[in-house]
Amino acid sequence: MWEPEAVKFNVLVEVRLHPGIADPQGATIERSLPTLGYEHISGVSVGKAIRFVCDADSEETVRKGVDDLCHRFLTNPVIEDATITIEPA
Amino acid sequence: MSVKVGVVLFPGSNCEQDAVEAVTALGGHAEVLWHGDESVGGVDAVIVPGGFAHGDYLRPGAIARFSPVMQAVATFAADGGPVVGICNGFQVLTEAGLLPGALQKNRGLKFLCTMVELRVESDRSVLTSEASIGDVLRIPINHFEGNFTCSPDTLAELRSDDRIVLRYVRNPNGSIDDIAGICNEARNVVGLMPHPERACDALLGSQDGAPLLRSLLAAAANAKV
C-alpha cells in the first residue's frame, strides 16, 4: 500500500481572548499609547503565540490534530480561541 | 478516629503546609499527596492548595490538570468525595472540568494580597455547611488571576442552583457577580480564591477560615461513614 511520506509543517497558534472578555493588558497598553504620541491606534489586544513543527502527510491532517490540541490544551475554550497558521517547513 | 485529608502537592504549590497546619489544628489528620501519584491513598477529603502548579505555564492549572493524581481526584469527586480547591487549586479544578468557568487576570492587572470580607451565600456545600447564610468572614486573598468568569448560561445555572457559595462584600478583582467561590452540581466540589487555611489562628489576624475547614472535616467524616 502506498503511504505518503511525512513532511514537516511549521505551525503557528495564536491564542486570544474571546471578544467581550476583558483584556486588561491590551487596555493598559492602549491607554499608554497617546503619551508616546500614538494617537490613532485602537483595538489593542494581547495574546500568546505558540510555534512548533509537526510531521504529517498533509496540511489537512495537521489542521485536524492542531484544532484538537487547541481545544484540549493550548486554549481555555471558556475565555480564549485560537487562529492556526500552517506552512510547509 | 480523625478524618484523613489529602493535600495535593504539585511542583510549584506553595500553600500545602498551610493547609496541613490548619487541618491538623482543627483536629484532622493531613497528608501530602504527590502530584505524580495515581491514587488519593484512601483519604476522606482532598484539598488542592494554592501556589503556582507547574509554574502556571500556559495558564494557571492548564498543566496541573494532566498530573496523574488529578485523574484520581476526579474519580474521588465523582464518587462523592469532598474536594476543595483554594486559589491556584480553584484554577486547577476549573481547568480539569470539575468546576465550570475560568479565572482570568484581575481587573486592574494588580496582584492582590490583602484581607477581604466574604459573605456566605449558601450553606449547602462541603465548605460552608457549618457556616450560616449571611455570615461575613474576614479571609485573605493572594492572587493575580482570580477574576472569575463564565458564560451567561453558566452564571444563570450557578445562581438558580444555589451554587455560588461565597461572594466578595467589596469585589477586589472584577469577578463576575462578585463570585469568590462556587460548587459543582453535587455540591461536594468547591473552589474559592480566598485562603481559609490562612485564617485559622488568632495570630494570623482572623480565625474566620475555621468554620469553612470545619465544614470540610465534617463532610469528610460523613463520607467516611
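Reminder, nothing fancy here: chain letters follow the sequence lines and each chain counts from 1.
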Point to revise | Donor-acceptor contact present, side-chain Lys105(B) to main-chain Pro24(A), <3.5 Å | key: no
Revision key, fill the gap. d(Thr149(B) OG1, Ile21(A) CD1) to nearest 0.5 Å is 4.0 Å
**Study point:** Closest approach of Leu74(A) to Arg59(B) (non-hydrogen atoms, all atoms of both residues)
**Key:** O-NH1, 3.1 Å
Study note, to complete from the structure: Highest number of heavy-atom pairs under 4.5 Å with chain A among Gly101(B), Cys150(B), Ser151(B) belongs to Gly101(B)
Point to revise | Contact class of Ile50(A) relative to chain B, heavy atoms under 4.5 angstrom | key: side chain
Review point. Got a sec: does the NZ of Lys64(A) have more than 12 other heavy atoms crowding it under 6.0 Å?
Key: no
Review point. Has Phe66(B) got more than 12 heavy atoms of other residues, nucleotides or ligands less than 6.0 Å from its CZ?
Key: yes
Check your understanding: Could you state the interatomic distance from CD (Glu95(B)) to CZ (Phe73(A)), rounded to the nearest 0.5 Å?
Key -> 9.0 Å
Check your understanding: For Asn147(B), is it the side chain, the backbone, both or neither that has a heavy atom under 4.5 Å from a heavy atom of chain A?
Key -> neither
**Study point:** Residues, nucleotides or ligands: over 12 heavy atoms within 6.0 Å of Gln71(B) CD
**Key:** no
Review point. For Glu59(A), does the CD atom sit with more than 12 other heavy atoms under 6.0 Å from it, leaving out its own atoms?
Key: yes
Exercise for review: State, with a plain yes or no, whether a side-chain heavy atom of Gln104(B) is found less than 4.5 Å away from one of Glu80(A).
Suggested key: no
**Study point:** Atom group of Gln25(A) that falls short of 4.5 Å from chain B, counting heavy atoms
**Key:** both
Point to revise | Atom CZ of Arg16(A): over 12 foreign heavy atoms under 6.0 Å | key: no
